[in-house]
Amino acid sequence: MLSFIKGTIEYIYQDCFVIENEGLGYKIYTSLEVLGKLVLHENVKVFTYMSVREDDISLFGFLRQDELEVFKLLISVNGIGPKGALAILSVLSVDDLRMAVLSEDFKAIAKANGVGPKTAQRVVIELKDKFKLEDVLPSLVDSSDVAFVSSDASKEAILALTSLGYSNMEATKAVKSVGDISSLSVEEIIKLALKSMVVM
């Protein structure tokens, strides 16, 4: 019903904010990450999702369309409601969530308040085919490095390193430090990347 709302931030609370538009105040629930970016009395555009239940109608909103789309994917997972999705997006950014799903990092998702290991595993299983590494990598590196991260070998190596517990940025930098990987296998790239991490 409401795709987005443009207005002024009037109030900011622990789990929501109020945006004023033409004399009406809309209470919008969002993640802690979004709340941290809001400034009182600032004009913003908020992409919204309306949740309608028998006993409640609530608005959920984000500053980017991409965040809203990931939120919708999360609530499509069996056992994840809007509040659960916000809990996940409060501990993981959209890109971090994508990486966690692609590298099957259940523990990172289970850090969200109210999300247990089984639910976290369900998120990975149900969303793995809906996320692509290409959607994440350009945001982790400079635009000049996009060609580097688009190769299949580098993608696999980066995923392998993140599954070992390294952050997205650490894994990307380590694989990049290997240099020319065109003649190397994924296993060789991973070994050299791990060696470079020890030096770093």
Side-chain angles (χ1 to χ4, degrees), residues 1-102 105 107-116 119-120 122-124 126-143 146 167-169:
M1 185 176 172
L2 289 171
S3 295
F4 65 83
I5 299 173
K6 278 185 179 178
T8 307
I9 303 296
E10 292 294 329
Y11 303 100
I12 300 174
Y13 300 106
Q14 287 186 333
D15 60 350
C16 64
F17 62 96
V18 175
I19 184 170
E20 188 269 331
N21 173 280
E22 295 189 7
L24 294 175
Y26 296 89
K27 183 179 182 181
I28 300 176
Y29 292 93
T30 193
S31 67
L32 293 178
E33 184 182 6
V34 172
L35 286 173
K37 295 176 182 175
L38 298 178
V39 179
L40 279 175
H41 311 304
E42 186 176 70
N43 289 320
V44 294
K45 180 178 182 179
V46 180
F47 296 94
T48 58
Y49 171 84
M50 182 180 286
S51 171
V52 181
R53 295 196 325 232
E54 192 176 313
D55 58 344
D56 179 64
I57 297 177
S58 297
L59 274 177
F60 297 85
F62 301 90
L63 298 177
R64 294 183 1 238
Q65 182 77 42
D66 184 43
E67 292 172 312
L68 176 61
E69 294 308 315
V70 171
F71 171 81
K72 288 179 181 177
L73 285 175
L74 278 171
I75 62 176
S76 73
V77 174
N78 188 26
I80 298 283
K83 294 290 176 75
L86 286 185
I88 292 171
L89 292 175
S90 289
V91 297
L92 294 170
S93 69
V94 165
D95 283 340
D96 285 340
L97 174 63
R98 285 192 177 107
M99 285 301 292
V101 169
L102 291 169
D105 187 354
K107 291 180 181 177
I109 299 169
K111 287 178 183 175
N113 189 29
V115 177
T119 304
R122 203 177 300 123
V123 169
V124 170
E126 294 190 30
L127 296 188
K128 191 157 189 182
D129 293 336
K130 298 182 180 178
F131 288 150
K132 294 180 181 176
L133 193 59
E134 299 85 50
D135 296 334
V136 185
L137 292 176
S139 70
L140 302 178
V141 294
D142 298 332
S143 57
V146 172
S167 72
N168 306 334
M169 190 63 74

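What you are looking at is a predicted structure, and each value in this text was computed from that prediction instead of being measured.
V124 pairs by the side-chain contact (heavy atoms from CB on, under 4.5 Å) definition with E104, F106, I109, not counting sequence neighbours. D56 is linked by a side chain to side chain donor-acceptor pair (under 3.5 Å) to S58, counting only residues two or more places apart in sequence or in another chain. Under the side-chain contact (heavy atoms from CB on, under 4.5 Å) criterion, L32 pairs with L35, S90, sequence neighbours left out. Taking the side-chain contact (heavy atoms from CB on, under 4.5 Å) definition, one finds that E54 meets it with nothing, sequence neighbours left out. Scored by the side-chain contact (heavy atoms from CB on, under 4.5 Å) test, A110 finds A120 as partners (sequence neighbours excluded). Taking the salt bridge (charged side-chain N to carboxylate O under 4.0 Å, His left out) definition, one finds that E33 meets it with K37, sequence neighbours left out. By the ring-ring contact (aromatic ring centres under 6.0 Å, His included) test, Y49 pairs with F71, sequence neighbours left out.
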| task | Go through the steps to decide whether N113 and V91 satisfy the test side-chain contact (heavy atoms from CB on, under 4.5 Å), and finish with yes or no. | result | CA-CA 9 Å; N113 189 29; V91 297; over 6 Å; no
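With T30 contributing its side chain and F62 its backbone, the two residues share no donor-acceptor pair below 3.5 Å.
A side-chain hydrogen bond (donor to acceptor under 3.5 Å, both in side chains) check over residues 11-29, counting only residues at least two apart or in different chains, returns the pairs K27-Y29. The side-chain hydrogen bond (donor to acceptor under 3.5 Å, both in side chains) contacts involving residues 64-74 comprise R64-D66, Q65-E69, D66-R98, where partners must be two or more places apart or lie in separate chains. Residue pairs meeting the salt bridge (charged side-chain N to carboxylate O under 4.0 Å, His left out) criterion with at least one partner in residues 41-53, sequence neighbours excluded, are R53-D55. Every pair tested for side-chain hydrogen bond (donor to acceptor under 3.5 Å, both in side chains) that includes a residue from residues 75-88 fails, sequence neighbours excluded, so the list is empty.
Around NZ of K111, the count of heavy atoms belonging to other residues, nucleotides or ligands within 6.0 Å does not exceed 12.
Between atom CD1 of residue I19 and atom CG of residue L38 there is a gap of 8.5 Å, rounded to the nearest 0.5 Å. Annotation: the span from E126 atom CD to I80 atom CD1 amounts to 9.0 Å, rounded to 0.5 Å. Distance check: L92 CG to D105 CG gives 8.0 Å after rounding to the nearest 0.5 Å. To the nearest 0.5 angstrom, L86 atom CG is 9.5 Å from L74 atom CG. Atom-to-atom distance recorded for F60:CZ and M50:CE is 11.0 Å, nearest 0.5 angstrom. The line from CZ of F17 to CG of L40 is 11.5 Å long, rounded to the nearest 0.5 Å.
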List the atom pairs, with distances to 0.1 Å, where a side-chain N or O of residues 1-10 and a protein N or O form a donor-acceptor pair under 3.5 Å, not counting sequence neighbours.
{"from": "T8", "atom 1": "OG1", "to": "N43", "atom 2": "OD1", "distance (Å)": "2.7"}

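Across L89 and S31, no two heavy atoms sit closer than the pair O-CB, 3.7 Å.
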